[in-house]
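Because the structure is predicted, anything quoted here is derived from the model rather than measured. All chains are named by letter (A, B, ...) in the order of the sequence lines, taking the proteins before the strands, and each is independently numbered beginning at 1. Below, each value reflects all heavy atoms present in this structure, side chains not excepted, and no hydrogens, waters or symmetry copies.
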Amino acid sequence: MTAETPSAKTDLNAPQQRAVSLPVTRPPTHGLILAGAGSGKTRVLTTRIAWLLSNGWARPDEILAVTFTNKAAREMTTRLAAQAAVNPHGLWIGTFHGLCHRLLRLHHRDANLPRAFQILDSTDQLAAIRRLMKTLGIDDEDYPPRELQHFINAHKEKGVRADGVETWDRISRGKAEIYAAYEAQCQREGVTDFAELLLRAHELLSRHEPLRRHYQERFRHILVDEFQDANRLQYDWLKLLAGGGAAVFAVGDDDQSIYAFRGAEVGNMRDFEREFADVRVIRLEQNYRSHGHILAAANALIQHNRERLGKELWTDASEGEPIRVYEAARDQDEAAFVVDEARALAREGIRQSQMAVLYRANAQSRALEHEFFARGVAYRVYGGLRFFERQEIKRALAYLRLIANPDDDTAFLYAVNFPARGIGARSLENLQAGARRMNASLHAAVASLSGKAAVAAGGFVRLIEDLRLETSGLPLPEQIAHVIERAGLAGHYQNEKDGRERLENLDELINAAAVFAGGEEGRRAEEAGGMLPAFLGYASLESGEHQAGEGEEAVQLMTVHAAKGLEFDAVFITGLEQGLFPHDNALPDARALEEERRLMYVAITRARRRLYLSFTQNRMLHGQVRYAAPSQFFAELPPECLKWLTRARTARPDAAFWRAGLAPFQRSAAIPESVEPAPEFPGGLELGMNVRHAKFGFGVIVDARGSGEETRVAVNFGNAGIKWLTLAYAQLEPAS
DNA sequence: TGGGAGTGCTTTTTT
DNA sequence: AGCACTCCCA
């Protein structure tokens with residue numbers, strides 16, 4: 001039976017074939033593969049690698065494959081391993097950050113880093129900045145730490161050190177000074193942050209000629225996934241590495257660029273074409289994933305963007321089912337709808353793990369989770385609170401970090417008085433002052449204390465020293481288990497009322513360490529002689545999501561960002577309300593709005609067969625009820641692709657309506673809580689209807705309370721805000 | 001010093 | 001709503 005069918009799945013189409021077998025020449029021919037959603041991008045990448053290897057064009061160690069997320073790197077490794085005759089172990093496959101980390105560990109001396117240097121995650125980084133400002137005595141009113149964090153990272157991502165920052169006034173000079181002080185602090189403590197990994201690795205290679213030559217000559221083929229997400233520094237890093245004549249094979253889709261907010265520059269794709277001598281551009285436009293209606297909707301939507309390289313997806317597949325649209329009164333109802341449908345789909349034979357519920361922001365998951373849980377439908381949430389970011393995990397890691405590197409002040413402060421050992425704020429202030437005087441770490445400054453504080457802090461220093469001695473030579477999981485016990489974390493959480501789950505997580509940490517130590521990275525670290533630092537690095541770079549529950553049969557809940565690169569039989573895109581998706585922050589900015597639209601494009605193209613779009617009239621967010629009109633994206637989708645499960649919103653707001661300044665996601669005036677929601681209200685009006693008011697102009701009815709003559713309605717008038725009006729007096733007219 | 005109550009801020013997205 | 005942070009009392 002199967003032998004008769006031409007196996008479209010294993011054969012490549014013509015452009016794919018051209019990409020995979022792009023000739024290997026000298027000087028090199030580079031490839032820029034513009035690969036639309038669902039056009040077989042990952043397959044082209046992995047097949048290209050297999051092709052290079054099996055035809056003898058390259059040895060495994062001559063290949064470098066870079067991705068942006070750990071998930072993508074794992075995926076690529078798995079798919080390569082599945083291709084016969086390819087042993088993925090010799091290859092360097094990883095994220096930009098992971099590879100730079102690896103490079104820096106190997107050459108920490110040349111990079112001017114201590115052997116056991118650590119990586120601050122964004123929370124740690126913010127804490128470090130706050131601490132720094134305190135030491136410097138800088139008011140955080142003048143310089144909000146978050147802003148500084150962004151300032152520092154943005155500059156690092158452009159490859160700019162503190163001494164290269166352009167300043168023009170007092171504030172910018174101040175920021176540059178703090179940046180410089182932050183660099184010095186990190187250097188003294190032996191820590192890096194995410195952006196530092198890239199910048200440091202770039203500097204290492206650009207300054208150290210023999211090393212640069214070594215890697216330039218080693219990597220003959222550099223393959224890049226999701227190239228549209230590269231920031232300036234990452235692009236420069238590639239350019240540097242490829243400078244010795246390596247062939248670059250970059251795959252990307254400008255329509256799926258959704259990380260401009262953190263520095264990704266789609267412009268890199270144009271620069272690449274210009275700056276690399278011989279670049280072949282190949283477009284992959286045939287979509288193998290989605291049914292016709294879904295693809296048509298995606299195409300129509302993205303056409304509203306102006307800044308595009310131009311590309312239109314097409315498919316052989318039939319139109320398939322229409323996209324179902326559902327309007328709910330509130331977020332709970334939306335969640336109930338999703339769960340109902342998920343169950344129905346399961347009865348039709350779609351596996352739960354093949355269903356995804358997507359949302360714009362993590363905060364939206366709560367209502368959904370609640371409903372899934374209450375109805376006993378298996379689900380799994382990605383993102384949100386990551387494993388390695390949990391409080392108890394960070395506490396345990398802080399002790400481990402101190403064992404590896406006692407100068408890590410961030411870790412010191414996180415561990416020193418937890419569990420409580422009588423080292424309070426006062427002692428710590430003294431300690432920090434001492435450290436500053438001595439220009440030394442807190443750990444080193446403990447000797448400068450006197451009195452009771454000296455005893456307590458000295459005890460802590462001794463504890464760290466003891467832990468180091470007691471665990472040295474032990475296998476990693478046992479080291480961690482010992483630290484958890486001996487540092488008092490286990491005891492502390494045993495006594496805490498909801499400490500059970502935390503203890504379980506700590507066990508999970510030991511587990512994760514065992515897995516790490518047994519895996520390839522662990523083996524590599526073993527050889528390099530630094531298992532603990534390597535594991536700590538891994539913990540910083542890896543969110544730890546795949547640790548538990550991977551591959552379980554459950555409905556997948558995640559943000560749209562997290563869904564990029566994945567595909568599902570059935571997809572629910574929820575919270576399609578103006579102000580939420582697209583998000584408020586993006587509305588005034590045309591470029592940001594285009595990014596929101598690309599995000600929506602990514603969301604739509606995740607679906608193979610079935611797609612649901614849903615929105616609510618009001619939603620509980622940040623503890624407040626907010627009201628909204630349907631997302632403007634509804635007006636950008638072809639009506640013939642949509643099937644409204646609730647009353648069709650024919651009165652779609654047109655462009656002029658939005659321009660009129662309706663800001664539909666504004667905070668409401670207080671709801672009259674005591675009054676029941678209106679069951680119905682007179683005058684031919686209803687919820688969601690566009691109306692006109694003599695004084696306030698156009699608006700949308702977003703809520704109604706009371707009955708009969710007492711009926712009051714909340715109308716969102718955009719700039720004028722939300723007003724509660726008594727229907728009997730307000731003289732509202734329906735408007736289209 | 002440490003815990004409990006009170007206050008204000010968050011949340012867009014992630015390595 | 002939840003969380004971090006501050007303030008106040010045992």
Side-chain angles (χ1 to χ4, degrees), chain A residues 66-73 94-101 119-127 130 140 144-146 149-150 153 156-157 192-199 226 229-231 233-234 256-264 331 358-367 370 382-386 388-389 391 417-428 452-453 456 492 496-497 537-545 558-564 575 579-587 589 592 595-596 598-600 602-603 619-626 665:
Chain A
V66 201
T67 64
F68 280 83
T69 64
N70 295 302
K71 205 156 51 179
T95 62
F96 276 101
H97 292 87
L99 294 169
C100 288
H101 177 225
I119 306 166
L120 305 179
D121 66 18
S122 6
T123 318
D124 293 336
Q125 185 187 32
L126 189 60
R130 289 214 167 100
D140 55 7
R146 281 182 183 285
Q149 184 178 26
H150 180 256
N153 290 337
K156 285 191 180 184
E157 274 157 16
T192 63
D193 53 48
F194 287 141
E196 183 71 27
L197 291 175
L198 301 176
L199 183 51
E226 309 276 16
D229 288 336
N231 63 33
L233 183 54
Q234 286 161 333
Q256 292 189 70
S257 159
I258 55 176
Y259 287 109
F261 74 92
R262 71 166 203 227
D331 44 3
L358 308 184
Y359 35 82
R360 178 67 180 81
N362 275 311
Q364 287 167 254
S365 73
R366 190 158 299 146
H370 181 85
Y382 286 82
L385 187 55
R386 291 155 208 297
F388 287 113
E389 284 171 11
Q391 191 219 126
N417 204 31
F418 191 96
R421 346 191 129 79
I423 305 169
R426 191 60 163 280
S427 318
L428 285 179
K452 252 167 82 179
H492 177 87
E496 199 169 86
K497 44 187 180 304
Y538 163 83
S540 303
L541 291 175
E542 184 68 47
S543 49
E545 286 188 334
M558 64 189 86
T559 63
V560 181
H561 282 88
K564 191 164 79 153
L580 188 57
F581 197 3
H583 196 272
D584 267 330
N585 301 354
L587 292 178
D589 176 354
E595 179 144 318
E596 294 288 305
R598 291 194 293 270
L599 197 54
M600 181 65 183
V602 167
R619 171 181 301 279
M620 192 74 163
L621 214 57
H622 312 319
Q624 257 162 337
V625 180
R626 304 181 90 191
F665 224 61

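With rounding to whole Å, A:Y359 atom OH is found 10 Å from B:dT13 atom P. Rounded to whole Å, the distance from CD on A:E596 to C1' on B:dT13 is 9 Å. For the pair A:F68 CZ and B:dT15 P, the interatomic distance rounds to 12 Å; values are reported in whole Å. Distance, A:Q149 CD to B:dT15 P: 15 Å, rounded to whole Å. If you measure from atom CZ of A:R421 to atom P of B:dT1, you get 15 Å, rounded to the nearest angstrom. Across the protein-nucleic acid pair, A:D124 atom CG and C:dA4 atom P stand 14 Å apart, rounded to whole Å. For the pair A:M620 CE and B:dT11 C1', the interatomic distance rounds to 15 Å; values are reported in whole Å. Computed from coordinates, the A:E157 CD to B:dT15 P distance equals 13 Å when rounded to whole Å.
Between A:E157 and A:R262 there is no salt bridge, since no side-chain nitrogen of the basic residue lies less than 4.0 Å from a carboxylate oxygen of the acidic one. Between A:D193 and A:K156, at least one side-chain nitrogen of the basic residue sits less than 4.0 Å from a carboxylate oxygen of the acidic one, meeting the salt-bridge criterion.
For an aromatic pair to be called close, the ring centres must be under 6.0 Å apart, and A:F68 with A:H97 fails this.
At the heavy-atom level, A:N417 lies under 4.0 Å from the strands shown only through sugar-phosphate atoms. Within 4.0 Å (heavy atoms only), A:S427 reaches sugar-phosphate atoms of the nucleic acid but no base atom. In this structure, A:R598 reaches neither bases nor backbone, as no heavy-atom distance under 4.0 Å exists between it and the strands shown.
Nearest-nucleotide positions on DNA chain B place A:A363 closer to the 5' end than the other of A:A363 and A:F96. Each of A:H583 and A:A420 was assigned the nucleotide of DNA chain B with the nearest heavy atom; the assignment lying further toward the 5' end belongs to A:A420.
Contacts of A:A127 classified as side-chain contact (heavy atoms from CB on, under 4.5 Å), with partners at least two apart in sequence or in another chain: none. Residues meeting the side-chain contact (heavy atoms from CB on, under 4.5 Å) test with A:H492, sequence neighbours left out: A:F418, A:P419, A:E496.
Nearest nucleotide to the side chain of A:T95, out of C:dG2, B:dT11, B:dT15: B:dT15. The side chain of A:H561 approaches B:dT13 more closely than any other nucleotide in the set B:dT15, B:dT13, B:dG2. The listed nucleotides are C:dG2, B:dT13, B:dT15; the one nearest the side chain of A:T559 is B:dT13.
A stacked arrangement is assigned to A:F261 and the six-membered base ring of B:dT13, with a centre-to-centre distance below 5.5 Å and an interplanar angle below 30°.
For A:R130 and C:dA4, the shortest distance from a side-chain N or O to OP1 or OP2 is not below 4.0 Å. Neither OP1 nor OP2 of B:dT10 sits under 4.0 Å from any side-chain N or O of A:N362.
Between C:dA4 and B:dT13, the distance separating the two P atoms is 16 Å to the nearest Å.
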